[in-house]
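Inspection log for the structure reproduced underneath, given as structure tokens.
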Amino acid sequence: MSGHEGHFHKKAAFLDDKERMKGFRAHELIQALPSFSPNDSFLDLGAGTGFFTIPLAEETKGKIFALDSNSKMLERIGEKMKVAGLSNVERIQADVASIPLEDGSVQHVVASLILHEVADLEAVLAELFRVTEVGGDVAVLEYEEEKTPDGGPPHHIRLSAKKLTSALEQAGFGDCHTQMIDEKIYLLVASRI
């Protein structure tokens with residue numbers, strides 16, 4: 001196994017770790033979305049190995065767009081789709097700052113632990129605003145900036161709920177609500193108004 005493949009397998013194992021992700025249940029995330037209905041479409045931004053993609057596809061009859069820049073992550077989602085017998089997931093290899101979807105094409109966006117990694121948050125949020133239909137919403141999971149860095153991204157790249165709320169409002173979203181998922185991670189839901 002090459003070093004690159006070894007790195008991928010290590011990262012995939014980390015993303016799929018049940019203990020690490022026990023606070024991120026897709027069903028609870030869906031319940032936090034004010035406008036969810038069972039035929040809705042979702043964009044899973046930075047989908048990784050499909051931790052949210054697969055449960056979302058099981059919860060809705062709508063299309064799930066799993067977007068990731070890494071083709072191997074998308075292959076892993078494809079394997080999980082086969083095991084689960086799912087056909088409503090479209091895998092898209094693209095950068096989060098240039099989403100190849102039509103304007104207003106999804107009802108919901110899920111961005112789990114990805115926004116702190118982007119180089120241009122303003123550009124990414126503008127893209128999320130563009131692809132989310134009016135009345136739809138964005139659900140973001142991130143580590144709170146003020147919390148200790150154990151088990152999460154370095155403190156200096158974290159996005160506080162306050163900063164992210166302000167950035168989402170600047171991008172055109174409104175009705176932002178935040179709740180703590182555990183002692184370090186928050187869920188922020190904002191509507192496309």
Test side-chain contact (heavy atoms from CB on, under 4.5 Å) applied to Leu128 and Leu168, step by step = CA-CA 10 Å; Leu128 296 186; Leu168 283 161; 5.7 Å; no
Do the side chain of [X] and the main chain of [Y] share a donor and acceptor less than 3.5 angstrom apart?
X	Y	value
Glu90	Lys63	no
Asn88	Gly62	yes
Arg158	Glu144	yes
Asp68	Gly48	yes
Thr60	Leu56	no
Ser69	Asp95	no
Gln93	Leu74	no
Glu145	Leu159	no

Distance in Å, [X] [atom1] paired with [Y] [atom2], rounded so as to fall on 0.5 Å steps:
X	Y	atom1	atom2	result
Arg76	Ile54	CZ	CD1	11.5 Å
Lys184	Tyr143	NZ	OH	6.0 Å
Lys72	Ile77	NZ	CD1	14.0 Å
Glu59	Asp40	CD	CG	12.0 Å
Glu75	Lys80	CD	NZ	13.5 Å
Cys176	Lys162	SG	NZ	14.0 Å

Could you report the tightest heavy-atom contact between [X] and [Y], atom names first, then the distance?
X	Y	result
Leu188	Ala161	CD1-O, 3.8 Å
Leu33	Ala139	CD2-CB, 3.8 Å
Glu142	Leu115	OE2-N, 2.9 Å
Thr132	Arg192	O-NE, 3.2 Å
Ala84	Glu58	CB-OE2, 3.9 Å
Leu67	Ala94	CD2-O, 3.6 Å

Check against side-chain contact (heavy atoms from CB on, under 4.5 Å), Leu113 and Phe51 | CA-CA 12 Å; Leu113 304 176; Phe51 188 87; over 6 Å; no
Would you mind checking if Glu127 and Arg130 are paired as a salt bridge, meaning a charged N to carboxylate O distance below 4.0 Å?
-> yes
Side chain to side chain, Leu43 and Ile92, heavy atoms closer than 4.5 Å = no
For Asp44 and Thr53, test the side chains for any donor-to-acceptor distance below 3.5 angstrom and give the result as yes or no.
-> yes
With a cut-off of 6.0 Å (strictly less than), are more than 12 heavy atoms of other residues, nucleotides or ligands near CD of Glu122?
-> no
Apply the side chain to side chain contact (heavy atoms under 4.5 Å, CB included) test between Leu45 and each candidate in Val124, Val131, Val118, Val140; give the one that qualifies.
-> Val124
Walk me through it: do Tyr186 and Leu164 pass the test side-chain contact (heavy atoms from CB on, under 4.5 Å)?
-> CA-CA 11 Å; Tyr186 64 88; Leu164 188 53; 3.6 Å; yes
Would you call the rings of Phe129 and Phe173 parallel, tilted or perpendicular if under 30° counts as parallel and over 60° as perpendicular?
-> perpendicular
Determine, using the 4.5 Å side-chain heavy-atom cutoff (strictly less than), whether Val109 and Ile193 are members of one ILVMFWY cluster.
-> no
